[in-house]
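Counting starts at 1 for both ligands and their atoms, following the listed order.
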Amino acid sequence: MDECRKITMVEYIHRAKAKIKEALLSSELSVFNTPIDFTTSTTGFGGIRHWFLCPVCKDRKGVLFLHPISQEIGCRTCLGIEYRTQRYKGMIEEK
Ligand SMILES: [Zn+2]
């Protein structure tokens, strides 16, 4: 052996991030066993934020839900899911 192979944590995280991004954007991942589209937006600091695309309204959403009765997948608004105990906190987090 000439040289030990090594991986630094920085390289590892970099590689993992690339893989995660690839997986996210390839739509091979599914949510609740249903393919869901993903999108990104840039943050003010040059970073990238990943989002679900709600299959109903096509809006960027950080959270998707599976309706317990209709089995429909969508954002809170589309599925008409209301907050009960966390209404105000949730309203701020919605977008
Ligand atoms: Zn929606």
Side-chain angles (χ1 to χ4, degrees):
M1 284 283 195
D2 296 322
E3 237 178 53
C4 292
R5 294 189 66 192
K6 66 168 182 177
I7 178 86
T8 66
M9 189 47 84
V10 171
E11 284 168 351
Y12 184 78
I13 289 172
H14 185 76
R15 204 199 286 176
K17 273 186 184 166
K19 284 278 180 199
I20 290 165
K21 200 169 144 192
E22 230 173 74
L24 279 173
L25 300 179
S26 70
S27 293
E28 282 174 19
L29 287 178
S30 62
V31 180
F32 307 126
N33 294 319
T34 300
I36 295 289
D37 288 327
F38 298 92
T39 189
T40 58
S41 64
T42 51
T43 70
F45 303 99
I48 292 180
R49 190 147 180 213
H50 293 86
W51 302 89
F52 296 116
L53 275 185
C54 170
V56 183
C57 65
K58 309 291 181 192
D59 257 9
R60 293 190 303 215
K61 298 291 172 181
V63 187
L64 290 181
F65 297 86
L66 175 67
H67 196 283
I69 297 160
S70 69
Q71 300 293 302
E72 194 181 13
I73 296 166
C75 68
R76 190 189 321 277
T77 312
C78 290
L79 296 190
I81 296 169
E82 287 177 23
Y83 287 99
R84 297 214 167 99
T85 54
Q86 292 185 301
R87 190 191 301 179
Y88 295 104
K89 185 171 175 260
M91 286 174 78
I92 292 163
E93 286 174 348
E94 176 67 24
K95 246 207 167 161

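Considering only heavy atoms from C-beta on, Leu64 comes within 4.5 Å of Cys54 through its side chain. Side-chain atoms of Ile36 and Pro55, non-hydrogen and from C-beta on, do get closer than 4.5 Å to each other.
The side chain to side chain contact (heavy atoms under 4.5 Å, CB included) search around Leu53 returns Asp37, Thr39, Arg60, not counting sequence neighbours. In this view, Thr8 and Val10, Glu11 satisfy the side chain to side chain contact (heavy atoms under 4.5 Å, CB included) rule, not counting sequence neighbours. In this structure Thr43 satisfies the side chain to side chain donor-acceptor pair (under 3.5 Å) test with no other residue, sequence neighbours excluded.
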Handout entry: Verdict with reasoning, Phe38 to Phe52, per side-chain contact (heavy atoms from CB on, under 4.5 Å)
Key = CA-CA 5 Å; Phe38 298 92; Phe52 296 116; 3.5 Å; yes

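Excluding waters, the count of protein N/O/S atoms less than 2.8 Å from the Zn ion (ligand 1) comes to 4.
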